[in-house]
Amino acid sequence: MIRNKKSLLTFLLISSVVLTAAPFTFAVDEGMFTPDQIASLPLAKRGLKIKPSDIYNPGGVGLTDAIVRLSSGCTAEFVSADGLILTNHHCGFDALVSASTPEKDLVETGFNAGNRAGEFSAKGFTILLTHRIEDVTAKVKAGTESLSGTNLADALKKNSEALRVAEQAKVPAGSTIAVTAIETGYFYYLYQTSEIRDIRVVFAPPRNIGVYGGDPDTFEWTRHTGDFTFLRAYVAPDGSPATYSPQNVPYKPKKFLTASLAGLKDGDFTFVLGFPGGTTRYRESQSINYARDASFPLLYKWQRAVSDALKTIGQSDEAKRISHQTDIEQLDNTRKLYEGGEHRLKLAQVVEARQAEEARLATWIAASPDRQKKYGSILPDFKSLYGEIYGAQRRDAIMRRFPDPRWTPVFSQLVNAATAVKEGHKPTDTELGRMRRALQSREGYVEREVIKFFLKQLDELPANQRFATADTKFENKMGKERRDLEAAFAAKVAEGPLVDPAKMLEIYSMSWNDIKAQHPFVAGLVEERSALTDRTIKLVDQTDRLRPLYMEAMAAMKGVKPYPDANFTMRFTYGNVKGYQSREAEFRTPFTTMKGMLEKDTGENPFDAPQKLRDLQAAQDFGRYGEGGTVVLNFLTTTDIIGGNSGSPILNGNGEQVGIVFDGNYEGLGNDFYFDPDVNRTISVDIRYVMFVTEKFGNAKWVTDEMKTVGGAKAKAVGAVAGFNSDRLKNQDDRNVIKRVIP
């Protein structure tokens with residue numbers, strides 16, 4: 001559920017997590033595979049009934065042609081011939097917030113366009129279509145076998161760009177070719193994509209369905225959240241991409257998904273197509289250690305501090321409460337992600353497991369002169385590098401985040417100005433315009449609270465990682481005395497004269513000596529961040545050299561072919577419906593229902609089920625979507641997913657959509673670094689609940705009528721008379737499904 005971006009100073013922030021007891025020994029159901037790898041997987045044995053080419057067909061049309069990436073950082077899928085899109089409620093959340101007012105909060109009430117004329121533009125939303133995916137590793141590396149260092153990097157860059165330019169010349173207007181390095185160059189993949197820029201909102205359930213359970217239930221099982229939204233893609237009348245216009249027409253996708261109403265049972269095969277975000281499952285132990293002990297603990301505390309401040313200002317200002325809903329949702333989600341990630345990394349002893357693997361690797365390398373020549377320096381170089389770079393990793397983690405450009409704009413602009421002076425940089429008109437906009441959009445209370453948070457974090461550093469400039473600034477005080485001094489400083493920054501752009505502009509006219517004299521804390525911060533940047537550049541340079549060799553050596557030792565880490569490009573993962581043991585003496589079964597949702601209901605946000613949903617359950621009015629006296633709501637599978645997969649379709653062995661991925665479980669967090677088949681689970685909304693809420697609760701049958709469905713009570717009753725697909729009836733499990741649905 002998270003949308004993350006990386007930069008030079010943040011590349012280690014989300015040094016992802018892989019939950020597997022033995023890194024590089026791939027667990028059952030582990031892997032976010034590229035589409036070209038699908039044909040090599042043992043899918044028929046697991047329960048896939050269609051051909052791999054029905055999923056990904058580079059020479060024709062496959063299910064992957066129905067899968068798109070949303071600009072909100074999520075996955076979505078076409079579910080009709082007229083560009084109807086299905087994704088998560090939290091993925092379309094910002095479109096509802098942008099269209100809301102204190103008088104009309106669409107997050108709270110939900111939205112039903114009624115017809116296509118009533119669909120409104122999803123502000124800022126686009127979708128990315130993926131037309132081609134190709135492993136071009138051999139092409140990019142051709143002729144570089146004898147090179148190393150800068151010569152190798154330059155040759156790879158030249159080959160990659162030459163390939164991109166050559167392939168770009170072959171594609172139609174509107175398509176873009178990108179050649180992307182994965183695993184710092186262990187793999188290279190080519191992607192051909194295009195964009196649709198007119199996206200509109202069709203239907204969204206109200207908050208107490210789409211966000212039922214709220215933050216308390218995020219990453220938890222059991223779960224009862226109807227996390228879905230319908231959108232639609234529009235293009236110009238000639239079919240070309242275009243921004244919003246009343247003259248635009250619904251896009252006609254090459255492929256759209258069919259929904260299965262037959263349901264699932266424990267053990268059924270499933271697979272997921274989507275755009276998972278960053279994982280780092282082949283990282284050295286020091287990188288995982290940094291995430292566990294420095295980065296993750298700071299991140300979840302920081303997210304909580306910002307969220308709490310935003311909630312406070314929303315209590316007295318309804319307009320701000322509405323406008324910051326998306327921010328709070330993302331902050332709370334991210335906070336729980338990192339908090340759970342730290343907990344799981346410690347509990348599963350992932351660092352220790354990777355260290356044991358590295359000890360085995362050292363022995364394996366030492367056993368062969370050829371290996372010693374090729375790989376012998378890897379582990380010693382990592383040890384030396386991290387010993388030098390991460391002597392103060394908790395302090396470095398803070399410096400990578402403070403100041404916070406989004407939530408401490410005044411202090412951020414002050415530090416930016418001081419940095420420019422130190423470097424002799426004259427601000428451009430663009431930079432000055434950015435500065436003025438940042439100061440205009442500030443939230444004074446939030447800035448004060450976030451500055452106070454970071455100052456307290458600096459004060460809590462151990463003795464060998466202290467930031468001496470801060471200790472001097474706050475007179476080496478401790479406890480309440482120091483907190484009072486920090487609060488006074490935060491208030492002066494957030495509400496002082498520098499909130500005026502003209503006053504901020506004066507900083508650029510000062511000398512560096514003047515800044516050190518008048519703003520010693522800022523000067524010390526600038527110098528420390530500059531030193532950190534130098535260390536980070538060195539770390540990136542060295543790890544880019546070491547990591548491909550490290551990964552190659554590990555794979556060779558294990559005798560496995562690695563799958564590429566996720567990078568927000570199209571991936572495939574498969575598994576089965578299955579529960580898990582969450583802790584001692586506690587087993588979680590894999591299905592929840594609307595009946596269970598109402599058992600959890602308290603009548604208060606976030607557990608306040610709509611009365612109409614209660615009435616439909618009481619009347620047993622489920623239409624064609626019911627099963628066992630209720631409607632199945634959420635379910636678990638062993639598929640391997642991560643942030644970015646939100647909104648992905650989950651499909652059965654026939655390639656029919658049975659649900660929408662929207663979350664993972666708490667016990668599976670840390671899965672950017674490792675995968676644990678015993679507890680890692682994907683949480684999805686059953687497609688029948690999606691359609692039930694849309695049709696029976698939301699009175700939007702016009703939407704479900706547009707979708708193609710198979711199975712379900714009504715469809716199978718008709719099939720029994722008119723010749724239902726006999727191939728599916730050859731399977732005893734399918735006959736049992738029909739017996740269950742049709743009394």
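What's counted below: heavy atoms across the whole structure, side chains too, no hydrogens, waters or symmetry copies.
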Checklist entry - Who passes side-chain hydrogen bond (donor to acceptor under 3.5 Å, both in side chains) against Glu195, sequence neighbours left out? => result Thr126
Checklist entry - Got a sec, which residues hit salt bridge (charged side-chain N to carboxylate O under 4.0 Å, His left out) with Lys336, two or more places apart in sequence or on another chain? => result Glu220
Checklist entry - What pairs with Thr184 under side-chain hydrogen bond (donor to acceptor under 3.5 Å, both in side chains), at least two apart in sequence or on another chain? => result none
Item to check | Straight-line distance of Leu128 CG to His131 NE2, nearest 0.5 Å | outcome: 8.0 Å
Checklist entry - With under 30° as parallel and over 60° as perpendicular, where do the rings of Tyr189 and Phe187 fit, or are they tilted in between? => result tilted
Checklist entry - Are Tyr251 and Phe78 an aromatic pair by the rule of ring centers under 6.0 Å? => result yes
Checklist entry - Ring centroid separation for Phe120 and Phe111, is it under 6.0 angstrom? => result yes
Checklist entry - Going through the distances and angles, do His224 and Asn634 end up as a side chain to side chain donor-acceptor pair (under 3.5 Å)? => result CA-CA 6 Å; His224 301 85; Asn634 296 155; 5.9 Å; no
Next on the checklist: For the OG1 atom of Thr225 and the CG atom of Leu633, what is their distance to the nearest 0.5 Å?
Outcome noted: 7.5 Å
Next on the checklist: Taking salt bridge (charged side-chain N to carboxylate O under 4.0 Å, His left out) as the definition, give me every residue that meets it alongside Lys252, ordered by chain and number, with sequence neighbours left out.
Outcome noted: Asp82
Checklist entry - Within 45° of the ring axis of Tyr234 and under 6.0 Å from its six-membered ring centre, is that where the NZ or CZ of Arg200 lies? => result yes
Checklist entry - So, are Lys255 and Glu77 salt-bridged, with charged N and O less than 4.0 Å apart? => result no
Next on the checklist: With a 6.0 Å cut-off on the ring centroids, do Phe275 and Phe568 count as close?
Outcome noted: no
Item to check | Phe271: ring pair (Phe, Tyr, Trp, His ring centres under 6.0 Å) partners, not counting sequence neighbours | outcome: Phe572
Checklist outcome for this item: Those residues at least two apart in sequence (or on a different chain) that pass side-chain hydrogen bond (donor to acceptor under 3.5 Å, both in side chains) with Thr270 are none
